[in-house]
Q: 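My structure is below; once you've seen it, I'll send some questions.
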Amino acid sequence: MPDYIIVGGGSAGCVLAARLSEDPDLSVVLLEAGPPDTDRYIHLPVGFFKMTSGPLIWGYETAPGRMIDGRTMVYPQARVLGGGSSINAQVFTRGCPQDYDGWAADDGCAGWSYAEVLPYFRRSEGNDTFAGPQHGIEGPLGVSSGAPHPLTRVFVRAAQEAGLPFRADFNAGEQEGAGFYQTTTRNGKRSSTAVAYLKPALGRKNLTLRTDATVSRIVVENERAIGVEIIVNGRTELLRAGREVIVTAGAIGSPKLLMLSGIGPAAHLGRHGIKVGHDLPGVGQNLHDHMDVDVVAELNGPHGIDRYKKKRWQAVAGLEYALFGKGPVASNIVEAGAFWWGDRTEKTPDIQFHFLPGAGVEEGIGSVPGGNGCTLNSYHVRPRSRGSVTLRSADLREPPVIDPNPFAERYDLERAVEGIEISREILSQPAFAPFIRREHLPGAGTNGRAALETFAREHGRSAYHPVGTCRMGGDAKSVVDPELRVRGLQGLRVCDSSVMPRIVSSNTNAAVIMIAEKAADLIAGRTTAAMASPSRESHSPRTRERDGKPVPAAH
């Protein structure tokens with residue numbers, strides 16, 4: 001009987017399996033419903049654009065959105081070892097310190113302030129560029145500075161022309177400005193948590209990985225989780241846990257599994273004929289996500305990456321990567337971005353931008369006339385709209401009803417319009433003049449706030465950052481407590497993006513990895529204070545003199 005059963009081999013699950021199995025006296029089983037991460041596109045940084053459809057995702061769509069004209073949206077959630085870290089765009093951003101301070105001060109999440117989580121960010125990080133008190137250089141997760149595409153450099157210059165300062169490091173405590181993103185890559189390959197954390201740990205005798213293993217329910221007896229039922233090759237098997245079951249199935253999968261196990265809102269479970277084992281109203285509630293809106297420009301020539309849609313250019317790129325490990329294949333495409341204000345009353349920037357030197361890269365965004373384009377998307381980083389994940393039926397095979405409820409709060413729609421306006425302003429700067437022929441989306445004829453609101457409702461899409469459906473907090477309505485234990489039950493925790501009480505002000509994957517790092521210490525009974533001293537690189541006098549200043553990046 002293993003001590004710990006981890007349900008979900010994604011960003012968090014792989015971290016937890018690796019960290020918990022460091023103790024040779026503990027045994028760990030990691031269960032993943034999807035296959036191993038053997039698809040070659042996973043490991044090529046450029047391959048993320050192939051990952052938003054196909055067999056390595058669950059194939060979810062959202063419910064029709066009442067404020068987006070009844071549209072449904074594709075909602076890619078990974079079904080493969082490494083989870084989101086195996087299919088995402090590899091942008092490495094943590095959010096801002098105020099996010100985590102808000103969790104601690106306003107959401108009742110004692111122990112989750114920025115000062116208390118920073119050691120876990122640092123422990124995870126193997127940064128090739130930045131060091132000092134904000135960064136780690138010896139962690140498992142590869143974090144790299146790339147060689148940006150020439151058009152990406154144009155974007156950063158144009159943003160400065162538009163009044164945004166240059167920001168060398170988005171993860172040093174302040175985000176405002178434009179600059180080049182670091183990525184979760186190492187040596188020209190994706191650094192997923194499956195690669196960075198799990199693979200080096202799989203040789204341990206106390207760690208077992210089972211892929212293609214679907215968990216049908218958590219088994220609870222006398223208010224304690226004792227194990228899980230899994231389905232392998234059509235057979236149901238009971239797998240018992242000696243200490244705890246840890247659910248790491250993500251903001252969609254975790255609430256679904258809890259509810260199918262009889263843990264959730266009693267009335268909702270009853271409507272589907274599920275025996276209520278533990279009435280927990282917050283399960284599946286508080287879903288929120290970043291809502292992307294894309295501004296696309298047509299280029300006047302092959303200045304971007306769209307040329308690589310042609311086979312001869314693909315061959316050139318493939319050869320460059322094979323010989324030197326560089327070029328377009330080694331790029332995540334989303335090489336630069338910015339954080340800036342829509343609402344100037346906010347203390348920190350509330351809009352994030354991602355620049356792509358191509359068009360039609362993201363799901364649902366088509367190509368441009370002439371075939372060459374670039375994309376600048378934006379989203380409001382702290383949305384106020386809330387939705388839900390609920391069951392469609394008691395049948396495990398049925399997808400849940402996913403309703404992010406985008407733009408339910410008018411405030412979010414207003415911020416989306418400001419993101420469009422700032423994007424247009426950046427793309428109209430002199431730096432872009434030699435390259436852009438015209439605006440493709442929304443198009444020159446779409447002007448005024450009403451028209452831009454309509455455009456945002458008609459074209460906005462998920463940024464694939466769902467969080468919050470098993471909310472952590474200090475109140476009785478939260479699903480897990482600040483130690484990630486499911487309220488009212490023993491032996492059961494949730495540890496993934498679903499526990500975020502509020503979304504962080506950036507891409508979410510780095511924060512999920514941090515949550516798993518901290519969870520490993522919570523489970524083991526270790527404290528933040530025990531590891532809060534600076535890592536080895538800051539002990540030498542020479543390094544100490546540089547603390548707080550980034551090592552210069554070769555952009």
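The figures that follow rest on heavy atoms only: side chains count, while hydrogens, waters and symmetry mates do not.
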Q: How many angstroms lie between atom CZ of Arg40 and atom NZ of Lys50, to the nearest 0.5 angstrom?
A: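 Result: 8.0 Å between the selected atoms.
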
Q: Please enumerate all residues that pass side chain to side chain donor-acceptor pair (under 3.5 Å) together with Arg210, with sequence neighbours excluded.
A: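 Side chain to side chain donor-acceptor pair (under 3.5 Å) list for Arg210, sorted by chain: Glu237.
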
Q: Could you go through the side chain to side chain contact (heavy atoms under 4.5 Å, CB included) check for Arg382 and Thr348 one step at a time?
A: CA-CA 10 Å; Arg382 293 182 290 274; Thr348 60; 3.1 Å; yes

Q: Partners of Tyr75 by ring-ring contact (aromatic ring centres under 6.0 Å, His included), sequence neighbours excluded?
A: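 Scan of Tyr75 (ring-ring contact (aromatic ring centres under 6.0 Å, His included), adjacent residues dropped) gives none.
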
Q: Is a side-chain N or O of Arg122 found less than 3.5 angstrom from the main chain of Ile137, in a donor-acceptor match?
A: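 No: the side chain of Arg122 does not pair with the backbone of Ile137.
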
Q: Do any N or O atoms from the side chain of Trp58 and from the backbone of Ala78 form a donor-acceptor pair under 3.5 angstrom?
A: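 Confirmed, Trp58 side chain pairs with Ala78 backbone.
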
Q: Which donor-acceptor pairs under 3.5 Å do the side chains of residues 1-16 make with protein atoms, sequence neighbours left out?
A:
{"unit_1": "Asp3", "atom_1": "OD2", "unit_2": "Ser27", "atom_2": "N", "d": "2.8"}
{"unit_1": "Asp3", "atom_1": "OD2", "unit_2": "Ser27", "atom_2": "OG", "d": "3.3"}
{"unit_1": "Ser11", "atom_1": "OG", "unit_2": "Ser85", "atom_2": "N", "d": "3.2"}
{"unit_1": "Ser11", "atom_1": "OG", "unit_2": "Asn509", "atom_2": "OD1", "d": "2.7"}

Q: How about Glu223: does its CD atom have over 12 heavy atoms from other parts shown lying under 6.0 Å from it?
A: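 Counting other residues, nucleotides and ligands, CD of Glu223 stays at 12 neighbours or fewer.
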
Q: Going by the rule side chain to side chain donor-acceptor pair (under 3.5 Å), which residues pair with Thr183 if we only count those two or more places apart in sequence or in a different chain?
A: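 Result, side chain to side chain donor-acceptor pair (under 3.5 Å) vs Thr183: Thr185.
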
Q: Ignoring hydrogens, what is the shortest heavy-atom contact between Pro165 and Glu176? Give both atom names and the distance.
A: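 That would be CG-O, 4.3 Å.
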
Q: Can you give me the closest heavy-atom contact between Ser478 and Arg487, atom names plus distance?
A: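 Minimum heavy-atom contact is OG-NE, 2.7 Å.
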
Q: Mind checking the CG-OH spacing from Asp101 to Tyr114? Nearest 0.5 Å is all I need.
A: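 Atom-to-atom, Asp101:CG and Tyr114:OH are 9.5 Å apart.
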
Q: Identify the heavy atoms of Val329 and Pro45 that sit nearest to each other, and give their distance.
A: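 The answer is O-CD, 3.4 Å.
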
Q: To the nearest 0.5 angstrom, please state how far the CG atom of Leu30 sits from the OG1 atom of Thr248.
A: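 Answer rounded to 0.5 Å: 6.5 Å.
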
Q: How about NZ on Lys189, more than 12 heavy atoms from neighbouring residues, nucleotides or ligands closer than 6.0 Å, or not?
A: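 Incorrect, the count does not exceed 12.
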
Q: Salt-bridge test for Arg19 and Asp521: reply yes if a basic N is under 4.0 Å from a carboxylate O, no otherwise.
A: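 So Arg19 does not pair with Asp521 through a salt bridge.
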
Q: Of Asp412, Ile351, Asp292, which is the lone residue that meets side-chain contact (heavy atoms from CB on, under 4.5 Å) with Tyr379?
A: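 Looking at Asp412, Ile351, Asp292, the match for Tyr379 under the side-chain contact (heavy atoms from CB on, under 4.5 Å) is Asp292.
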
Q: Out of the candidates His288, Met291, His290, Met500, only one should pair with His465 under the side-chain contact (heavy atoms from CB on, under 4.5 Å) rule; please name it.
A: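 Testing each of His288, Met291, His290, Met500 against His465, the sole residue satisfying side-chain contact (heavy atoms from CB on, under 4.5 Å) is His290.
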
Q: Ignoring hydrogens and angles, tell me if any N or O in the side chain of Arg190 forms a donor-acceptor pair with the backbone of Ile42 under 3.5 Å.
A: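 Checked: pair present.
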
Q: For the side chain of Thr93 and the backbone of Asn507, is there at least one donor-acceptor N/O pair under 3.5 Å apart?
A: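 The answer is yes, because a donor-acceptor pair under 3.5 Å joins these two groups.
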
Q: Enter the distance from Asn286:CG to Lys477:NZ here, rounded to the nearest 0.5 Å.
A: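 Between atom CG of Asn286 and atom NZ of Lys477 there are 12.5 Å.
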
Q: Indicate the atoms forming the closest heavy-atom contact of Gly491 with Ala225, along with that distance.
A: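 Nearest heavy atoms, Gly491 then Ala225: O-CB, 3.6 Å.
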
Q: Do we see a donor-acceptor contact under 3.5 Å between the side chains of Arg471 and Ser498?
A: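 No, no side-chain donor-acceptor contact under 3.5 Å.
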
Q: Does Arg94 count as lying over the ring of Phe121, i.e. NZ or CZ under 6.0 Å from the six-ring centre, within 45 degrees of the axis?
A: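 The answer is yes, since Arg94 meets both limits relative to Phe121.
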
Q: Report the residues that fulfil ring-ring contact (aromatic ring centres under 6.0 Å, His included) with His149, sequence neighbours left out, ordered by chain and then residue number.
A: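 Applying ring-ring contact (aromatic ring centres under 6.0 Å, His included) to His149 gives none.
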
Q: Partners of Phe170 by ring-ring contact (aromatic ring centres under 6.0 Å, His included), sequence neighbours excluded?
A: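 With sequence neighbours excluded, Phe170 shows a ring-ring contact (aromatic ring centres under 6.0 Å, His included) to Tyr181, Phe339, given in chain and number order.
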
Q: To the nearest 0.5 Å, what is the distance between CG on Asn127 and CD on Gln182?
A: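 So the CG of Asn127 and the CD of Gln182 are separated by 4.0 Å.
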
Q: How close do Lys199 and Asp37 get, counting heavy atoms only, and between which atoms?
A: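 Looking at all heavy atoms of both residues, the shortest contact is NZ-OD1, 3.0 Å.
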
